[in-house]
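The block underneath contains the structure these notes are about, expressed in structure tokens.
Bear in mind the structure is a predicted one, so any value in this text is a computation, not a measurement. Chain naming here is simple, since letters A, B, ... match the order of the sequence lines and numbering starts at 1 in each.
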Amino acid sequence: MKCANFEELFSDYMEGHLHAQARSRVASHLEQCAACRADYEAFRYALGELQSLELRATSKGEVAAILAAVDRAEAKPAGIPRSLWTHLAAAAAGALLIWWLWPERVQIEEKLVEVRIEVPVDRPVEVERIVEVPTFVDRPVERIVERVVEIPVERVIEVEHPLQLRMDRFMALSGALAEIVSLAASAAAVPELAALEMPLTVDREPLQTRRHGRPGRASPPSPVRVLRTNDRISLQTHGPLAEVVPALIAMLSDDDDPQLCQVVEAQLTSIRDESGLPAVALPEDNPVRSPAGLATIETLIRGAPEADEAPIEYSASSLWRAWWKSHGEQLASLDARSTI
Amino acid sequence: MLVERYGSRIRAVLEKQLGDHHLAMDMAQDVWIRAFRGLHSFRSAEEGGRFRPWLFAIAFNLVRDQKRRRERGQEISFEEHFQHEPAAERYNPSGRVEELAAIDEALNAVPDPFGAALHLVDVVGLSYQEAGDSLGCSLGTVKSRVNRGRLAFRDIFLKLSGDAPRVSIEVRNRNS
């Protein structure tokens, strides 16, 4: 690995986003090149200092000033405004309330609400989001359980009256916050929306048995595992490239998840670049649809095309299958030699 | 509430972009007013909406408008010098006031677009995807900007600390 390209990989290497082969090469280069090793250590040190910055919490004065500004902008009359029901109806359409609390008990006023306490297990699991729709005066609470997970449920959240629900009843706990934006900063503050952003580690493997604390069976190891943290996707690969690459290529046909496809394609590109093998040769003028391009890819995938066969639009999946068909054996051989 | 949780982060982002504490305070109120007015159209989490990038995107849109007004001469600044909130007041000090000032100075010196991406990810704490959504760029672009921002921050911070790196980093502005 050349020093000039090394710094481009600093972040990916430090955050564990490189596949095994690339990670191994970077580690090897660090062992051999004192200059790059010093640069990387300086990078880690500086980033550690930067990430040690912790913004102060918003002061009460600032919160009050913001809410007062919102009030002025809306010029709400005293008491419950006439437009409240309009806002409540709009909030009902889009409002989701998610509470996600650690084992510590939350101090509440029992006359107002009961609190659901979820006890997350200390390992990556499919997470259950308890979705609560804020109640209104004439509507009951609806709880929507999106996915069932291996977490015992102790008690249930029920909001008795929206006008009595106040966020100062809920403590902010590690990894979770319940948040409400008040439409009116008056004494009768009405919780309208609650949105919870929280770190999640979601294992995308198929769910096994998932019912109230009974553990599911362990899945067999997969050459590729997808991990999602918030909206960040990372891939963990396991095993020889002869298994990893076809698994990655198969994932490219998931058109419903373009973000995942982007990450997968980046991984495949990285593997190809690390191997030094060429990409599928395509003509420059019309890389996909020109007769020469069609002949190249079609021949690689299916053999010689029929004379009257309509041109096919090639997806990333097709291009990578063509590449694998062309260079798969060579890549597997290189991979086998590098692990000896 | 959301104002409590994100208020200081929005203000920090605005101050980083505008370079002025008081202007950032004023604009922060505009951000929340727009957020409040747009809540009815905000897609719920169930529909794939994410509040954080949506909120920060509002902030960056307002910054962009403000900068355009400045360029067209429509904004007259009555302040001769922009004012930064002291680092000791913006961050939890943990007994490291001088170090905080050096880190903050280096962070503010990282040029945009790398500085904005770096600030969102490593200070405000957004994910790469959230930062990309807030800035209106792709995941790959924001990751590249963050990495370059980190490299630039390293160089500047180590120089401020009196420990220059062996290799000087060329920060190429590859706008996408």
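Formation of a donor-acceptor pair under 3.5 Å by the B:Arg154 side chain with backbone atoms of A:Ala46 is not found in this model.
B:Glu15 and B:His21 share a side-chain donor-acceptor pair at under 3.5 Å. Side-chain N/O atoms of B:Thr141 and B:Ser144 include no donor and acceptor closer than 3.5 Å.
With a 4.5 angstrom heavy-atom cutoff, A:Glu15 touches chain B only via side-chain atoms. Of the two parts of A:Ala65, the backbone and the side chain both hold a non-hydrogen atom closer than 4.5 Å to a non-hydrogen atom of chain B. Proximity to chain B (any heavy atom under 4.5 Å) is shown, for A:Gln51, by both the backbone and the side chain.
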Worksheet item: Could you go step by step and tell me if B:Asp133 and B:Arg52 meet the salt bridge (Lys or Arg N to Asp or Glu O under 4.0 Å) rule?
Response: CA-CA 9 Å; B:Asp133 290 344; B:Arg52 289 207 300 198; over 6 Å; no
